Amino acid sequence: MAEEIIEKTENFVHEYMNKYDCSHDWQHVNRVVRQALALARMQSQTKQVDVLVVHLAALLHDVDDAKYVHHDDTKFSSENFLVGLGMDSARAAFVCRVADGVSFRKELLAEELHKQGTGDEDDWEWRQSCVELACVQDADRLDAIGAFGVLRCAAFSGARNRTLHAPKDSFIENITYEQYVQATDNSAATAISHFHEKLLQLAAKMKTDQGRQEAQRRHDFMLQFIRQVDCEFAFGDRAGEK
């Protein structure tokens, strides 16, 4: 039964992701699945992990992504989809909670509300302790940084007709939820500013030890990439100097 549910979910997601640009396509989902399952195997050495939940949540994590959904779009119910495939409702609901919890913007909001003392503390505690969420969330964040992160940032910027680099790139330090939502929808923001506002913050937010170690390697690569961008742009100021 589990293999059949996975296969049918894969087939659905593969077709569904065709409507997104290549920064959030099936290949992105596939990389997240592979990394989430690898993290789940590592975590299972010391913790109890529902690997099926990890697998399905990784597959479904970008379905109805807020960046691509229009207000008049019909919301897809992943829970109903899984129940229709024969999964029990409680486990299907858990899969969907994990998939929904992966979102960077939603966790940014949850963290703000937690610090203000106005959030749902049970939800915040769950976010910090759920092993399945940690595996899928770390996997998704790993694909947002490093070499694949550079490729995906450029691809998303191109799809949104967003400038890649500007001479006086500005960025928001300690970006808030509202600022992040505005920046995501703002075509005036640049790809390089996205590195500073989000991508370079992700390594510090990883939840598994293995994810944290891999994230640091990818973080260092991005720092090197940004230095190279700055160096290449500066050549135009140095050219012709003796």
Side-chain angles (χ1 to χ4, degrees), residues 20-21 23-24 28 32 57 61-71 73 75 96-130 133-134 136-146 148-150 152-208 211-212 215-216 218-219 222-223 225-226 229-230:
Y20 291 173
D21 63 77
S23 69
H24 291 77
H28 160 65
V32 172
H61 80 278
D62 268 342
V63 171
D64 273 353
D65 188 315
K67 294 186 294 295
Y68 297 93
V69 173
H70 301 291
H71 295 299
D73 286 347
K75 184 173 178 57
C96 295
R97 186 178 187 187
V98 172
D100 186 64
V102 169
S103 167
F104 176 80
R105 69 167 69 189
K106 289 181 180 178
E107 182 139 314
L108 190 61
L109 177 60
E111 183 176 7
E112 285 183 15
L113 296 177
H114 169 69
K115 290 179 178 178
Q116 295 168 7
T118 58
D120 183 336
E121 289 307 305
D122 289 338
D123 178 70
W124 180 251
E125 177 58 32
W126 175 80
R127 286 178 173 276
Q128 306 314 304
S129 62
C130 179
L133 174 62
V136 182
Q137 195 170 52
D138 278 12
D140 185 49
R141 290 175 173 179
L142 284 173
D143 204 54
I145 60 180
F148 277 114
V150 171
R152 292 182 63 220
C153 183
F156 184 77
S157 297
R160 295 297 174 95
N161 197 29
R162 178 176 292 175
T163 300
L164 297 178
H165 174 272
K168 295 182 179 180
D169 262 327
S170 62
F171 61 90
I172 304 170
E173 294 187 24
N174 302 315
I175 195 167
T176 66
Y177 168 77
E178 290 295 338
Q179 289 170 331
Y180 179 75
V181 171
Q182 291 174 8
T184 301
D185 297 333
N186 181 11
S187 61
T190 69
I192 292 298
S193 67
H194 186 64
F195 276 87
H196 293 284
E197 292 169 351
K198 177 183 177 181
L199 305 187
L200 290 174
Q201 312 306 317
L202 294 181
K205 295 181 179 294
M206 305 299 283
K207 295 178 178 177
T208 66
R212 195 173 297 113
Q216 189 58 54
R218 301 188 190 197
H219 178 87
M222 290 192 300
L223 291 177
F225 172 78
I226 291 173
V229 169
D230 290 339

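In this text the structure is predicted, and so the values were computed from the model without any measurement. Below, each value reflects all heavy atoms present in this structure, side chains not excepted, and no hydrogens, waters or symmetry copies.
Looking at residues two or more places apart in sequence or on another chain, you find a side chain to side chain contact (heavy atoms under 4.5 Å, CB included) between Arg218 and Gln35, Leu142, Ile145, Glu214. In this structure Asp140 satisfies the side chain to side chain donor-acceptor pair (under 3.5 Å) test together with His28, His61, sequence neighbours excluded. Asp143 pairs by the salt bridge (charged side-chain N to carboxylate O under 4.0 Å, His left out) definition with Arg31, Arg152, not counting sequence neighbours. In terms of the salt bridge (charged side-chain N to carboxylate O under 4.0 Å, His left out) criterion, residue partners of Asp65 (sequence neighbours excluded) are, by chain and number, Lys67. Among residues two or more places apart in sequence or in another chain, the side chain to side chain donor-acceptor pair (under 3.5 Å) test is passed with Glu125 by none. Take Lys115 and apply the side chain to side chain donor-acceptor pair (under 3.5 Å) test, not counting sequence neighbours, and it matches Glu111. Taking Gln116 as the reference, Glu112, Leu113, Thr118 meet the side chain to side chain contact (heavy atoms under 4.5 Å, CB included) condition, with sequence neighbours excluded. Considering only residues two or more places apart in sequence or on other chains, Ala166 meets the side chain to side chain contact (heavy atoms under 4.5 Å, CB included) condition with Asp169, Thr190. Under the salt bridge (charged side-chain N to carboxylate O under 4.0 Å, His left out) criterion, Arg212 pairs with Asp209, not counting sequence neighbours. Applying the salt bridge (charged side-chain N to carboxylate O under 4.0 Å, His left out) rule to Glu107 yields the partners Arg127, Arg141, Lys207; only residues at least two apart in sequence or on another chain are considered. The side chain to side chain contact (heavy atoms under 4.5 Å, CB included) search around Asp64 returns Tyr16, Val69, Lys75, Phe76, not counting sequence neighbours. Under the side chain to side chain donor-acceptor pair (under 3.5 Å) criterion, Gln201 pairs with no residue, sequence neighbours left out.
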Could you go step by step and tell me if Arg105 and Val181 meet the side chain to side chain contact (heavy atoms under 4.5 Å, CB included) rule?
CA-CA 7 Å; Arg105 69 167 69 189; Val181 171; 3.8 Å; yes

Apply the test side chain to side chain contact (heavy atoms under 4.5 Å, CB included) to residues Ile226 and Leu200: give CA-CA distance (whole Å), side-chain angles for both, the deciding distance (0.1 Å), then the verdict.
CA-CA 11 Å; Ile226 291 173; Leu200 290 174; 3.8 Å; yes

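If you take NZ on Lys106 and CG on Asp123, they are separated by 10.5 Å, rounding to the nearest 0.5 Å. The structure places CZ of Phe104 at 11.5 Å from CG of Leu109, a figure rounded to the nearest 0.5 Å. Taken from CZ in Arg162 to SG in Cys153, the straight-line distance is 8.0 Å, to the nearest 0.5 Å. To the nearest 0.5 Å, atom OG1 of residue Thr208 and atom CG of residue Leu133 are 11.0 Å apart. Here Leu202 contributes atom CG and Phe195 contributes atom CZ; the two are 11.0 Å apart, rounded to the nearest 0.5 Å.
A donor-acceptor distance shorter than 3.5 angstrom exists from the side chain of Glu197 to the backbone of Ile172, with no hydrogens or angles considered. Judged by distance alone, the side chain of Asp138 and the main-chain N or O of Gly211 form no donor-acceptor pair under 3.5 Å.
Ring pair His24/Phe156 is perpendicular by interplanar angle, where above 60° counts as perpendicular and below 30° as parallel.
More than 12 heavy atoms of other residues, nucleotides or ligands shown are found within 6.0 angstrom of OH on Tyr180.
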